[in-house]
Amino acid sequence: MQIKRIGLDLAKNVFQVHGVDRNEHVVVRRRLSRGEVDRAIA
């Protein structure tokens, strides 16, 4: 799985992460708490 683009919806406590590959197929869709964002993006 290779992610080409990541979208990150910023909120106060919960973040939504959306990643697509080069064919625009969704490969990542996750709901993260503020403390999980750094680990998930790394």
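For clarity, every value in this text was computed on a predicted model and none was experimentally measured.
Shown here for His18 and Arg29, the closest heavy-atom pair between the two residues is CE1-NH2, 3.4 Å.
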Item checked: Stepwise side-chain contact (heavy atoms from CB on, under 4.5 Å) check, Phe15 with Leu10 -> CA-CA 5 Å; Phe15 297 86; Leu10 303 175; 3.5 Å; yes
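Listed by chain and residue number, Met1, Ile3, Val17, Arg30 satisfy the side chain to side chain contact (heavy atoms under 4.5 Å, CB included) test with Val28 (two or more places apart in sequence, or in another chain).
Cluster membership check: Leu8 does not share its hydrophobic cluster with Val26, using side-chain heavy-atom separations under 4.5 Å among Ile, Leu, Val, Met, Phe, Trp and Tyr.
Within a 6.0 Å radius of CD in Glu24, more than 12 heavy atoms belonging to other residues, nucleotides or ligands are found.
The main-chain N or O of His25 is never found under 3.5 Å from a side-chain atom of Asn23 such that the two would form a donor-acceptor pair.
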Distance-only criterion, 3.5 Å: show the donor-acceptor pairs between side-chain atoms of residues 33-42 and protein atoms not counting sequence neighbours.
unit_1	atom_1	unit_2	atom_2	d
Ser33	OG	Glu36	OE1	3.3
Arg34	NE	Lys12	O	3.1
Arg34	NH2	Lys12	O	2.6
Glu36	OE1	Ser33	N	2.8

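Val20 places a side-chain heavy atom less than 4.5 Å from the side chain of Arg5.
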